Amino acid sequence: MLEELFNRIVDMDEEGAVSMAKEYLEGGGDAKKLLETCRDAMGVIGQKFEKGEYFLSELILGGEIFKNIMEFTLPKIKGGDEKKLGRIVLGTVKEDVHNIGKDIFKVFAEASGFEVIDIGIDTPEEKFVEAVKEHKPDIVGMSCLITAGVASMKRTVDALKEAGLREGIKIIVGGGRVDEGVKQYAGADAWADDAAKGVRLCKELMGIEG
Ligand code: B12
């Protein structure tokens, strides 16, 4: 049944995937195994996107299917103290209101076992600083799609330095406007322009294999 669910997610059969996931849980299936299957399917969707076999619409739909299934599956496993891979504070930087990529990265990161605290779009540097103080993340993720956001990323990294918080965290920048030069200019530790790669890099930043 899980194999069929996996195929339905990869094939973008939203209705079929959701009803099969519900059926699996109602029949006493293991919620964690179900989420692992969704995560694996998201991994394949990410690979297909990287290879150019799938496009934005599939990434968005894949994210929606996963979010949909998570809604009724997560409550069944919450409350346990399963160890998370790490905690990420994530936001789209000031001046930038694009949220789709950030939301997809969030779903991918959560599906891989990270806890993600989403602080939204058009996020001023002070809000990142406050969130780091409050949530003590391992990683700060910044999303940026427009040129105006590049300076915001640098200001955010500088603000974290001024607050004495830079040493304790890793910083990853992502989004269509980001590249190696932007990473260096902003003073980040890693950059990614796709969600699957971003998750791989976050694991590397945490010293986790794979
Ligand atoms: C949809 C869209 C919009 C929508 C956004 C809707 C929404 N809810 O997000 C709307 C209409 C609001 C919009 C507004 C504007 N937009 Co616009 N928009 C786009 C468009 C077409 C798609 C963006 C998108 O969703 N891409 C798909 C996602 C999935 O890709 P992604 O964000 O890169 O995310 C992936 C990875 O980068 C990664 N990722 C993303 N974030 C992160 C974060 C981390 C930490 C990690 C690890 C990974 C990661 O994971 C994702 C999945 O793989 C782009 C074109 C483009 N090529 O991107 C223009 C684009 C980004 N927009 C552009 C512009 C100019 C604007 C406006 C200024 C237009 C205007 N005159 O008003 C405004 C800006 C508003 C603002 N202040 O932000 C330009 C930016 C040019 C530039 N260099 O500055 C672009 C590139 C279009 C263009 N070619 O001119 N836009």
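Note that ligands are numbered from 1 as they come in the structure, with each ligand's atoms numbered from 1 the same way. All of these numbers come straight from a predicted model, not from anything done at the bench. All residue numbers in this chain count up from 1 along the given sequence.
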Is the backbone of [Y] close enough, under 3.5 Å, to the side chain of [X] for a donor and an acceptor to pair up by distance?
X      : Y      : answer
Glu71  : Asn68  : no
Asp189 : Ile171 : yes
Tyr185 : Ala151 : no
Asp138 : Arg87  : yes
Asp96  : Asp122 : no
Asp11  : Asp13  : no

Can an N or O of [X] be found at a distance shorter than 3.5 Å from an N or O of ligand 1?
X      : result
Gly175 : yes
Glu95  : yes
Val97  : yes
Gly176 : yes

What atoms in ligand 1 come closer than 4.0 Å to a heavy atom of [X]?
X      : value
Asp96  : 78 (O)
Gly141 : 45 (C)
Met142 : 43 (C), 45 (C)
Asn99  : 7 (C), 8 (N), 9 (O)

Among all the protein's heavy atoms, is there at least one whose distance to [atom] comes out below 4.0 Å?
atom                    : value
atom 21 (C) of ligand 1 : no
atom 72 (O) of ligand 1 : no
atom 57 (N) of ligand 1 : no
atom 13 (C) of ligand 1 : yes
atom 61 (C) of ligand 1 : yes
atom 39 (N) of ligand 1 : yes
atom 88 (C) of ligand 1 : no
atom 42 (C) of ligand 1 : yes

Less than 4.5 Å apart, any side-chain heavy atom of [X] and any of [Y]?
X      : Y      : answer
Val107 : Glu64  : no
Ile119 : Phe128 : yes
Ile9   : Ile69  : yes
Ile88  : Cys202 : yes

Around [atom], find the nearest protein heavy atom and jot down its residue, atom name and distance.
atom                    : answer
atom 84 (O) of ligand 1 : Thr147 N, 2.8 Å
atom 65 (C) of ligand 1 : Ile146 CG2, 4.7 Å
atom 6 (C) of ligand 1  : Ile100 CD1, 4.4 Å
atom 46 (C) of ligand 1 : Gly174 CA, 3.6 Å
atom 47 (C) of ligand 1 : Phe105 CE1, 3.5 Å
atom 50 (O) of ligand 1 : Ala195 N, 3.2 Å
atom 67 (C) of ligand 1 : His98 CE1, 5.0 Å
atom 85 (C) of ligand 1 : Leu145 O, 5.0 Å

Can you confirm whether [X] is buried at [atom1], in the sense that more than 12 heavy atoms of other residues, nucleotides or ligands lie under 6.0 Å from that atom?
X      : atom1 : value
Glu180 : CD    : yes
Lys161 : NZ    : yes
Glu3   : CD    : no

Passes side-chain contact (heavy atoms from CB on, under 4.5 Å), Lys48 versus Val10? Steps please. CA-CA 9 Å; Lys48 281 179 179 281; Val10 173; 3.8 Å; yes
Pick from Gly63, Gly101, Gly198, Ser57: the one approaching atom 31 (P) of ligand 1 most closely through a non-hydrogen atom: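 Considering heavy atoms of Gly63, Gly101, Gly198, Ser57, the nearest to atom 31 (P) of ligand 1 sits in Gly101.
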Report the part of Lys197 (side chain from C-beta onward, or backbone N, CA, C, O) that has a heavy atom under 4.0 Å from ligand 1; answer both or neither where that applies.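 Neither; nothing of Lys197 gets under 4.0 Å from ligand 1.
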With backbone taken as N, CA, C and O and side chain as the heavy atoms from C-beta onward, which portion of Leu56 lies under 4.0 Å from ligand 1: side chain, backbone, both, or neither?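 Contact part for Leu56 vs ligand 1: side chain (C-beta onward).
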Side-chain donor-acceptor pair present, Asn99, Asp103, cut-off under 3.5 Å: yes
Is it true that Glu4 and Arg8 make a salt bridge, defined as a side-chain N closer than 4.0 Å to a carboxylate O?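 Salt bridge: yes.
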